[in-house]
Amino acid sequence: MTETPHRPLSPHLQVWRWHVTMAASILHRVSGVGLAVGMLMVVAWLACLKAGPDVYAGFAAFSGSWFGLIVWIGVSWAAFYHLASGIRHLIWDAGVGFALAVANAMSWASIGFSVGGTAVFWFLLMRAGVL
């Protein structure tokens, strides 16, 4: 009787090749966590608004700082990516787009939409003088 070699039961990171649909799946989860952080920021904003002008001024100073802007830009990217990725999943739920080329294109489109949407959103905010 021959003995079978010990192999992992599922693909391992050392033998798995990264591809865009895998990255898109991971980014979907990351953007969901980013949206949860964003909700905490919105709740903090509302709480500071209710607490009065002095407390709100502190929140506004944090939000306008370089770190605060990075957080808000990250939250807006998460919103754009999660939206695009959610639409991609809705299309897949309809049973369409499973061909490798189509799935890859939709994944790249989700990533591109999130970066472009975030850039346009912040450009418009800055142009309107909000920042």
Side-chain angles (χ1 to χ4, degrees):
M1 180 181 247
T2 61
E3 191 173 314
T4 52
H6 296 289
R7 289 182 267 166
L9 298 176
S10 62
H12 190 267
L13 291 177
Q14 294 169 336
V15 297
W16 195 260
R17 185 180 63 84
W18 282 80
H19 48 89
V20 70
T21 53
M22 179 193 300
S25 176
I26 292 168
L27 285 175
H28 186 78
R29 289 164 177 80
V30 168
S31 66
V33 172
L35 288 175
V37 170
M39 287 278 63
L40 293 175
M41 293 284 291
V42 169
V43 168
W45 170 62
L46 292 172
C48 290
L49 188 61
K50 182 173 180 359
D54 294 335
V55 177
Y56 184 75
F59 182 83
F62 167 76
S63 290
S65 71
W66 66 269
F67 183 74
L69 286 174
I70 288 173
V71 171
W72 283 117
I73 290 169
V75 169
S76 61
W77 169 84
F80 280 111
Y81 184 78
H82 214 73
L83 171 67
S85 186
I87 292 169
R88 179 174 59 102
H89 279 273
L90 281 174
I91 293 169
W92 284 349
D93 288 344
V96 180
F98 289 116
L100 184 59
V102 175
N104 287 344
M106 287 179 11
S107 297
W108 280 115
S110 296
I111 294 168
F113 174 79
S114 68
V115 172
T118 302
V120 167
F121 175 73
W122 282 92
F123 171 78
L124 292 174
L125 280 179
M126 290 180 191
R127 186 170 176 215
V130 175
L131 298 175

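Treat the numbers as computed from the prediction; the structure is a model and nothing was measured. Computed from heavy atoms alone, side chains included, the values below leave out hydrogens, waters and symmetry copies.
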Exercise answer: donor-acceptor pairs, residues 65-73 side-chain atoms, under 3.5 Å, sequence neighbours excluded:
from, atom 1, to, atom 2, distance (Å)
S65, OG, F62, O, 2.7
S65, OG, G68, N, 3.1
W72, NE1, S63, OG, 3.1

Contacts under 3.5 angstrom, residues 21-41 side chains, donor-acceptor by atom type, not counting sequence neighbours:
from, atom 1, to, atom 2, distance (Å)
T21, OG1, H19, ND1, 2.6
S25, OG, R29, NH1, 2.5
H28, ND1, S85, OG, 2.8
R29, NH1, S25, O, 3.0
S31, OG, L27, O, 3.2
S31, OG, H28, O, 2.9
S31, OG, H82, ND1, 2.7

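Across all non-hydrogen atoms, the minimal contact from A103 to W92 is CB-CZ2, 4.0 Å. Closest approach of F59 to A44, counting heavy atoms only: CE1-CB, 4.0 Å. The heavy-atom pair separating V20 from W108 by the smallest distance is CG2-CE2, 3.4 Å.
Inter-residue side-chain proximity for Y81 and F113 is flagged as unmet; no heavy-atom pair is nearer than 4.5 Å.
Hydrophobic clustering (ILVMFWY, side-chain heavy atoms < 4.5 Å, transitive): V75 and L124 are in distinct clusters. Residues I87 and F121 share a single hydrophobic cluster, defined by chaining ILVMFWY side chains whose heavy atoms lie under 4.5 Å apart.
With rounding to the nearest 0.5 angstrom, the CZ atom of F80 is 9.5 Å from the OG atom of S114. With values rounded to the nearest 0.5 angstrom, L125 atom CG is found 8.0 Å from S76 atom OG.
Take V102 and apply the side chain to side chain contact (heavy atoms under 4.5 Å, CB included) test, not counting sequence neighbours, and it matches A99, M106.
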